[in-house]
Amino acid sequence: MVVKKICCVGAGYVGGPTCSVIALKCPEIQVTVVDLSKSRIAQWNSDKLPIYEPGLDEIVKQCRGKNLFFSTDIETAILEADLIFISVNTPTKTIGNGKGRAPDLKYVEGAARMIADIAQSDKIVVEKSTVPVRAAESILKILSANQKPGVSYQILSNPEFLAEGTAINDLINADRVLIGGEESPKGKTAIEELCGIYEHWIPREKIFTTNTWSSELSKLAANAMLAQRISSINSLSAVCEATGADVSEVATAVGLDSRIGSKFLQASIGGSCFQKDILNLVYICECLNLPEVAAYWQQVVDMNEYQKSRFTAKVIQSLFNTVSGKTVTILGFAFKKNTGDTRETPAIHVAKTLLDEGATLKIYDPKVEEDQIYYDLTHPSVCESPEMVKKAVSVYQDAYLACENSHAIVLCTEWDEFKTLDYHKIYHVMMKPAYMFDGRKILDHQALIDIGFHVQTIGKTLQRPLLTRLCGVNSCMH
Ligand code: ADP
């Protein structure tokens with residue numbers, strides 16, 4: 001079989017960009033991305049795509065209607081496809097066994113059942129969503145239990161390593177492509193088919209093939225180890241603040257060791273999409289009766305939580321231990337720059353804590369829609385009274401307006417545009433003393449202090465403005 005038609009089930013942050021790049025690089029293959037959500041598909045077919053990724057608009061414009069299609073006709077796409085990607089969501093379970101930790105595989109299972117119902121010919125089914133180890137086995141069980149005569153399936157694991165915000169670059173210049181499959185001749189043939197697609201643009205030596213379980217575990221392991229680096233540097237940021245060391249200097253010094261390397265050593269406010277995957281790993285370890293391993297990785301998550309609460313506590317403490325009746329501006333709501341994704345964003349934690357303490361919030365993010373912010377902040381896991389949230393939170397389309405009459409700014413996302421805002425102008429429209437909490441360590445702190453801001457950041461204790469320092473000295477002398 002030579003793959004001529006691909007169907008991707010799930011038009012989200014993984015399925016959309018991945019299939020757009022496949023369509024771009026494989027003009028002779030027809031790629032159809034399907035989703036249950038009519039509105040999401042309508043957005044993919046419009047000028048305003050449902051997700052923001054640098055470079056994505058151009059690729060979709062170039063390929064859409066030629067060899068890239070977005071459709072709700074799941075049946076036709078599955079019937080016609082030689083190869084099907086499953087790129088559905090795998091959120092953390094909110095009820096039942098494993099609640100709060102285990103991934104909810106109902107969407108993966110739903111996709112597998114749909115394929116089994118519809119397919120009339122042989123299919124290669126590729127698990128792209130991040131799943132627990134041995135999920136491929138569950139997919140195969142569902143498919144083979146509902147198999148029609150003459151139809152056979154091969155299941156591959158092909159985890160996606162793209163990072164949101166740099167998805168297109170990560171897909172085009174992937175460090176590696178990982179494909180896991182059965183070690184049988186049929187399994188090997190299926191692996192070769194998928195290799196053939198990636199070989200349109202990825203050199204063969206960067207395509208790594210393994211058994212299915214290694215491939216599934218590698219995705220969780222990679223995310224866990226990346227998160228572990230962040231938790232490690234974040235833990236050291238607390239030591240820096242207590243000792244006068246500067247975490248950026250420490251990170252640079254440590255990263256110069258070629259065994260450690262400099263990437264992914266940026267301390268910050270915490271929070272990332274890795275949390276879900278590490279919790280998934282922790283849960284698997286517990287189920288496998290490996291409590292020591294589970295406890296080890298759980299600590300990585302705990303450190304991330306500690307970092308978020310430590311930072312928010314610092315905000316409240318600096319504002320004379322009360323934010324009740326005060327206005328706080330949150331700059332940035334996405335979980336990182338260059339994406340509109342808010343899943344597990346630290347901004348939710350910051351906003352929730354400040355709201356619980358009685359603050360009024362003004363929020364600005366260049367890419368997150370107002371509806372999404374209200375959706376996140378009124379979610380039952382965040383608030384008890386959606387009405388109260390709607391009253392206390394205003395969303396702005398302009399950073400300057402969002403800062404007017406605020407007592408403090410909390411910078412939660414490292415958007416480049418925040419580095420070049422006119423902070424003189426902002427200082428003048430704020431309440432005094434004006435506070436700046438840089439949760440991402442991206443601003444010029446000395447310049448802000450010179451303007452008059454009280455500045456706090458992560459992993460470094462900053463000096464107060466000269467006047468306040470002098471006042472402090474004077475009050476000591478009295
Ligand atoms: P990810 O970040 O993993 O890509 P998203 O939540 O962004 O996850 O996207 C997953 C998409 O999968 C959603 O748009 C959802 O509607 C879609 N989806 C879930 N189950 C099915 C299914 N059985 N058939 C088609 N689409 C599905």
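For this chain, numbers begin at 1 and follow the sequence in order. Counting starts at 1 for both ligands and their atoms, in listed order.
- Nearest protein heavy-atom contact of atom 19 (C) of ligand 1 is Asn89 OD1, 3.4 Å.
- Distance from atom 5 (P) of ligand 1 to its nearest protein heavy atom, with residue and atom name: Arg40 NH1, 3.7 Å.
- The shortest N or O to N or O distance between Tyr107 and ligand 1 is not below 3.5 Å.
- Residue contact check: Ser87 has heavy atoms under 4.0 Å from atoms 10 (C) of ligand 1.
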Fill in: Step-by-step salt bridge (Lys or Arg N to Asp or Glu O under 4.0 Å) determination, Asp416 to Lys419
CA-CA 6 Å; Asp416 287 339; Lys419 292 184 198 165; 3.7 Å; yes
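- Residue, atom and distance of the protein heavy atom nearest to atom 23 (N) of ligand 1 are Met114 SD, 3.6 Å.
- Within the cation-pi definition used here (under 6.0 Å to the ring centroid, within 45° of the axis), Lys123 does not qualify as a partner of Tyr153.
- Looking only at protein heavy atoms, the nearest one to atom 4 (O) of ligand 1 is Val14 N, 2.9 Å.
- Using a 4.5 Å heavy-atom cutoff, the side chains of Val126 and Ile124 are in contact.
- Proximity annotation for atom 12 (O) of ligand 1: of Gly10, Ser129, Gly15, Gly16, Gly10 comes nearest, heavy atoms only.
- Listed for the Asn67 side chain is a donor-acceptor partner under 3.5 Å among the backbone atoms of Ala23.
- Looking from atom 27 (C) of ligand 1 to the surrounding protein, the closest heavy atom is Val88 CG1, 3.7 Å.
- Considering only heavy atoms from C-beta on, Ile260 comes within 4.5 Å of Arg229 through its side chain.
- Shortest contact from atom 11 (C) of ligand 1 to any protein heavy atom: Asp35 OD2, 3.5 Å.
- Taking the six-membered ring for Trp and thresholds of 30 and 60 degrees, Trp44 and Phe70 have nearly parallel ring planes, at less than 30 degrees apart.
- Under a 4.0 Å criterion applied to the non-hydrogen atoms of Gly12, ligand 1 contributes the atoms 4 (O), 5 (P), 7 (O), 9 (O).
- When only non-hydrogen protein atoms are considered, atom 26 (N) of ligand 1 lies nearest to Leu36 N, 3.3 Å.
- The proximity of Arg343 to ligand 1, defined as any non-hydrogen pair under 4.0 Å, is limited to the side chain.
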Practice prompt. Begin with the C-alpha distance, continue with both residues' side-chain angles, and end with the deciding distance and a verdict on salt bridge (Lys or Arg N to Asp or Glu O under 4.0 Å) for Glu164 and Arg343.
Written response: CA-CA 11 Å; Glu164 285 176 34; Arg343 289 176 290 185; 3.6 Å; yes
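- Under the 30°/60° scheme for interplanar angles, the aromatic rings of His379 and Tyr375 are found to stand perpendicular.
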